[in-house]
Every structure is written in structure tokens, then in C-alpha cells.
Amino acid sequence: MLRPMLNIDFEMPDRPGTLINYAEVEFLLAEAKSKGWNVNGTTEEHFQAGVRAAMQWLNNHYLDDALKIADDEVDAYINHIMATNPLATEAGAREAINTQAWILHMMNPSEAWANLRRSDFPVILDRTKLPTWNWAVDDRNHLETPTRLRYPSLEGRYNKANYEEAVKRLGTVNDKGENVDDWHHRLWWDTADIHVK
């Protein structure tokens with residue numbers, strides 16, 4: 001199984017890194033409104049503004065002129081989504097909103113993973129059902145979506161005693177009897193499986 005990687009266009013040093021942008025704020029407002037929270041505007045208004053802002057973010061920072069998304073393409077995309085009335089129920093709204101957030105976060109994979117863990121959307125393909133190739137490098141015992149982040153790679157060198165104690169507390173041991181920093185070991189608060197198909 002190949003590890004997922006971003007297209008090199010998204011990893012260039014002149015591309016912006018962001019903690020949160022306007023599109024994400026709009027998606028969070030849409031989700032809050034769909035839950036009945038006291039937020040100005042409607043779920044639909046915030047959702048559509050989030051989709052527009054996400055595509056504008058791509059246009060402004062990641063796409064070359066020949067690939068930019070035209071306004072009429074944005075309108076057609078939004079109209080296509082809205083034609084199915086995905087925001088009519090709270091569950092439908094959560095799925096539609098967080099699927100669009102997932103797409104927005106393709107430039108920020110850590111945030112995509114964190115939002116997937118928080119919202120449980122989008123429903124993703126069960127990676128254990130994908131074919132594997134003998135030539136692919138894979139250092140994991142299994143292919144399920146990780147449930148925690150590993151400790152930083154240099155932690156074992158600069159903070160060896162505490163690192164080894166923390167990894168030992170995870171209770172995951174490899175076939176050689178060594179403690180392993182396993183990113184599939186659930187944290188204490190992580191009680192639900194993610195949706196896969």
C-alpha cells in the first residue's frame with residue numbers, strides 16, 4: 001500500500017500554510033447553525049460561502065491561470081450539491097459540510113485528519129480492502145486509518161527516557177517484543193470507529 005502523498009504543486013515553498021481561513025470559518029458556522037446554535041444567517045448561506053471561499057483559496061494560492069476555477073463552474077458545482085438538498089437534516093448537513101471541509105483541507109492533511117476524527121465525515125474507503133503491491137513501502141502492521149499522531153521522530157533521541165516510557169504505556173509491542181509508537185493505538189477518549197465503506 002502506497003502512503004498518500006500530496007501533489008508537488010501543493011508542497012511548493014511559496015504556497016501558504018494556514019491555521020484557519022475564511023472558508024473553514026464558514027463551514028464551522030454552517031455546522032453550528034445546522035445544530036441549532038445561535039448563529040446569524042442560514043446553514044445554506046454559510047455552506048455556500050464556504051464552498052465559494054474554498055475554491056477562491058485554490059484559485060488564489062494553488063492553481064495556475066490555466067487551471068483556475070471559473071465563477072460559473074463554482075455556481076454549477078454549488079447548484080449541483082444543493083439540488084440534492086443535503087442540508088435538510090442535521091445528519092445530512094454534517095456530512096455535506098464536513099465533506100467540503102475535507103476537500104478544503106487537501107492542502108493541510110493534518111487538519112483534514114483532525115476534522116475527520118471530530119466529525120466522522122466524510123465516509124472514506126476502507127483502506128484494508130485496497131490491493132497491496134510487493135514493491136510498495138509500508139512500515140505499518142495494518143492499514144486502518146490512524147487514530148492518533150505518533151510522537152515526533154526526534155523525540156526518542158532528545159528525550160529518550162520519557163519517550164520510551166510514553167511508548168511503553170501505549171502497550172503496543174512488535175513481533176520482536178519491542179515497544180512501538182503505534183498510531184493505531186486509541187487514545188482514552190477515542191471510543192467510536194470512523195465511518196468506512
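Computed from a predicted model, the values in this text were never measured in an experiment.
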Open item on the list: For Glu111, is there any backbone N or O sitting under 3.5 Å from a side-chain donor or acceptor partner on Asn115?
Closed with: no

- [ ] May I ask you to test the Val173-Val180 pair for a side-chain heavy-atom distance under 4.5 Å?
- [x] no

Task: Check ion pair Asp182-Arg150 (N to O, under 4.0 angstrom) - done: no

TODO: Not counting sequence neighbours, which residues clear salt bridge (Lys or Arg N to Asp or Glu O under 4.0 Å) with Arg117? List them please.
DONE: Asp190

Task: Listed once per pair and sorted, the side chain to side chain donor-acceptor pair (under 3.5 Å) pairs that draw on residues 78-91, sequence neighbours left out - done: none

Open item on the list: Check for me, please, whether Val74 and Ile103 land in the same ILVMFWY cluster - side-chain distances under 4.5 Å, paths through other members count.
Closed with: yes

- [ ] Could you pull out the closest heavy-atom pair between Pro122 and Thr99, with the gap in Å?
- [x] CB-OG1, 3.5 Å

- [ ] Take Asn159 and Tyr151 through the test side chain to side chain contact (heavy atoms under 4.5 Å, CB included) and record every step on the way to the result.
- [x] CA-CA 11 Å; Asn159 189 11; Tyr151 292 109; over 6 Å; no

Open item on the list: Is it the case that atom CG in Asp75 sees more than 12 heavy atoms from other parts of the structure closer than 6.0 Å?
Closed with: yes

- [ ] Look at the side chain of Asn21 and the backbone N and O of Ala23, then say whether any donor-acceptor pair between them is shorter than 3.5 Å.
- [x] yes

- [ ] Taking the side chain as every heavy atom from C-beta outward, state whether Gln100 and Ile81 have any atom pair closer than 4.5 Å.
- [x] yes

Open item on the list: Once rounded to the nearest 0.5 Å, what's the spacing between atom CG of Leu58 and atom CG of Leu63?
Closed with: 5.0 Å

Task: Heavy-atom check, side chain of Leu87 versus side chain of Thr42, under 4.5 Å - done: no

Task: Rounded distance [0.5 Å steps], OH in Tyr163 versus CG in Asn179 - done: 9.5 Å

Open item on the list: Treating His46 as the side-chain partner and Asn40 as the backbone partner, does any N or O pair qualify as donor plus acceptor under 3.5 Å?
Closed with: yes

Task: Glu24 vs Leu104 side-chain heavy atoms within contact, under 4.5 Å - done: yes

TODO: Give the cluster check for Leu170 versus Trp183: same hydrophobic cluster or not, with ILVMFWY residues linked at side-chain heavy-atom distances below 4.5 Å.
DONE: no

Open item on the list: I'd like to check Leu67 versus Tyr62 (side-chain heavy atoms, cut-off strictly below 4.5 Å). Are they in contact?
Closed with: no

Task: Any residue meeting salt bridge (Lys or Arg N to Asp or Glu O under 4.0 Å) with Glu164, in chain and number order, not counting sequence neighbours - done: Lys160

Open item on the list: Could you check whether Arg148 pairs with Asp181 (Lys NZ or Arg NE/NH1/NH2 to Asp/Glu carboxylate O, under 4.0 Å)?
Closed with: yes

Task: Given Arg52, Met82, Lys33, Glu26, the one that forms side chain to side chain contact (heavy atoms under 4.5 Å, CB included) with Phe47 - done: Met82

- [ ] Calculate, to the nearest 0.5 Å, the distance between atoms CD and OG belonging to Glu95 and Ser34 respectively.
- [x] 12.5 Å

- [ ] Say whether Asn60 and Gln56, considering side chains only, have a donor N or O and an acceptor N or O under 3.5 Å apart.
- [x] yes

Task: Asn174 side-chain N/O to Glu178 backbone N/O, donor-acceptor pair under 3.5 Å - done: yes

Task: Heavy-atom closest contact (Ala49 atom, Tyr22 atom, distance) - done: CB-OH, 4.2 Å

Task: Test item: side-chain donor near acceptor, Glu73 and Tyr77, under 3.5 Å - done: no

TODO: Decide if atom NZ of Lys68 counts as having more than 12 heavy atoms of other residues, nucleotides or ligands within a radius under 6.0 Å.
DONE: yes

Open item on the list: Going by salt bridge (Lys or Arg N to Asp or Glu O under 4.0 Å), name the residues that satisfy it together with Arg118, two or more places apart in sequence or in a different chain.
Closed with: Glu31

Open item on the list: Filter on ring pair (Phe, Tyr, Trp, His ring centres under 6.0 Å), then keep only pairs touching residues 93-129, sequence neighbours left out; what's left?
Closed with: Phe121-His195

Task: Residues that, via side-chain heavy atoms closer than 4.5 angstrom, fall in one hydrophobic cluster with Leu28 - done: Ile20, Val25, Leu29, Trp37, Val39

Open item on the list: Check this for me: Leu154, atom CG, are more than 12 non-hydrogen atoms of other residues, nucleotides or ligands nearer than 6.0 Å?
Closed with: yes

